[in-house]
Amino acid sequence: MKEASQKIHNPDEGYYQMYLDELKEIRPCTDQEREELQNQVLLGNESARKRLIEGHLIFALAAAKDYRDKGLPMSDLVQEANLALTMAASNYQGGDFLGFARENILSSLQKAIQEQQEEKKIGETMAARVNVLQEISSKLAEELGREATVEELAMGMGMTSEEIKDIMKLAVDALSVTGEG
């Protein structure tokens with residue numbers, strides 16, 4: 001019972017489940033239909049392009065599932081995969097559509113995971129800088145008997161005044177987001 005209530009409170013899981021439910025109503029493309037649609041897409045048929053996308057959403061979902069638990073919510077992975085599928089259908093110039101779509105989807109998912117990891121690393125680096133700035137600020141305040149100036153903090157950290165101001169702004173922004181301060 002506890003697990004079910006957790007899913008209800010997690011919006012990502014709720015959206016993902018709604019998507020899965022809607023996806024059950026969509027008929028996947030057969031190989032024959034794909035061939036016909038590919039030809040129509042090459043002729044500029046917009047409804048064929050839309051059906052080609054729709055008929056391969058389950059294909060995009062399968063690719064997204066391979067990236068589960070790698071840092072992004074499943075709903076974000078599905079969105080990335082579907083966007084890449086859409087781009088593949090829009091940029092299709094002939095040949096193996098599934099291979100072309102797979103390449104686009106995997107590339108997009110890998111890029112999204114990499115960007116998430118980079119953002120996390122930047123966030124951790126900035127958090128460490130904020131912590132060091134707080135330590136140096138406390139130490140200088142003790143030594144000087146007053147709050148240190150931005151210039152004094154910059155000298156203490158071996159940074160420019162602008163970098164110190166940026167770190168201070170990030171710290172204030174983080175406090176306002178968490179409701180502290």
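In this view, Ser138 satisfies the side chain to side chain donor-acceptor pair (under 3.5 Å) rule with no residue, not counting sequence neighbours. For Glu80, there are no salt bridge (Lys or Arg N to Asp or Glu O under 4.0 Å) partners, not counting sequence neighbours. The side-chain contact (heavy atoms from CB on, under 4.5 Å) check on Gln40 picks up Leu43, Asn45, Ala48, with sequence neighbours excluded. Checked against side chain to side chain donor-acceptor pair (under 3.5 Å), Asn82 has the following partners two or more places apart in sequence or in another chain: Tyr19. Residues passing the salt bridge (Lys or Arg N to Asp or Glu O under 4.0 Å) test with Glu162, sequence neighbours excluded: Lys165. Listed by chain and number, the residues in a salt bridge (Lys or Arg N to Asp or Glu O under 4.0 Å) with Asp96 amount to none (sequence neighbours excluded). The side-chain contact (heavy atoms from CB on, under 4.5 Å) check on Glu46 picks up Arg49, Lys50, with sequence neighbours excluded. Taking Thr149 as the reference, Glu152 meet the side chain to side chain donor-acceptor pair (under 3.5 Å) condition, with sequence neighbours excluded. Evaluation of the side chain to side chain donor-acceptor pair (under 3.5 Å) rule for Glu36 yields Gln32 as partners, not counting sequence neighbours.
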If you look only at distance, which donor and acceptor atoms sit under 3.5 Å apart when one is on a side chain in residues 119-137 and the other is two or more places apart or in another chain?
{"residue": "Thr125", "atom": "OG1", "partner": "Lys121", "partner atom": "O", "Å": "2.9"}
{"residue": "Asn131", "atom": "ND2", "partner": "Ala127", "partner atom": "O", "Å": "3.4"}

Taking distance alone, no hydrogens or angles, what donor-acceptor pairs closer than 3.5 Å link side-chain atoms of residues 51-74 to residues at least two apart or in another chain?
{"residue": "Arg51", "atom": "NE", "partner": "Glu33", "partner atom": "OE2", "Å": "2.8"}
{"residue": "Arg51", "atom": "NH1", "partner": "Arg27", "partner atom": "O", "Å": "2.9"}
{"residue": "Arg51", "atom": "NH1", "partner": "Glu54", "partner atom": "OE1", "Å": "3.3"}
{"residue": "Arg51", "atom": "NH2", "partner": "Arg27", "partner atom": "O", "Å": "2.7"}
{"residue": "Arg51", "atom": "NH2", "partner": "Glu33", "partner atom": "OE1", "Å": "3.1"}
{"residue": "Arg51", "atom": "NH2", "partner": "Glu33", "partner atom": "OE2", "Å": "3.4"}
{"residue": "His56", "atom": "ND1", "partner": "Leu52", "partner atom": "O", "Å": "2.7"}
{"residue": "His56", "atom": "NE2", "partner": "Arg34", "partner atom": "NE", "Å": "2.9"}
{"residue": "Tyr67", "atom": "OH", "partner": "Gln110", "partner atom": "NE2", "Å": "3.1"}
{"residue": "Arg68", "atom": "NH2", "partner": "Tyr16", "partner atom": "OH", "Å": "3.1"}

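In the model, Asp21 has a side-chain atom that pairs as donor or acceptor with a side-chain atom of Gln17 under 3.5 Å.
Once rounded to the nearest 0.5 Å, the distance linking CE of Met159 with CG of Leu153 reads 11.0 Å. Here the OG atom belonging to Ser108 is positioned 12.5 Å from the CD atom belonging to Glu103, to the nearest 0.5 angstrom.
Here ring-ring contact (aromatic ring centres under 6.0 Å, His included) pairs that include residues 125-151, with residues two or more places apart or in two chains, number zero.
For Ala154 against Ser161, the heavy-atom pair with the smallest separation is CB-N, 3.8 Å. Closest non-hydrogen pair, Ala89 versus Val41, comes out as O-CG1, 3.9 Å.
The shortest side-chain heavy-atom distance between Leu37 and Phe97 does not fall under the 4.5 Å cut-off.
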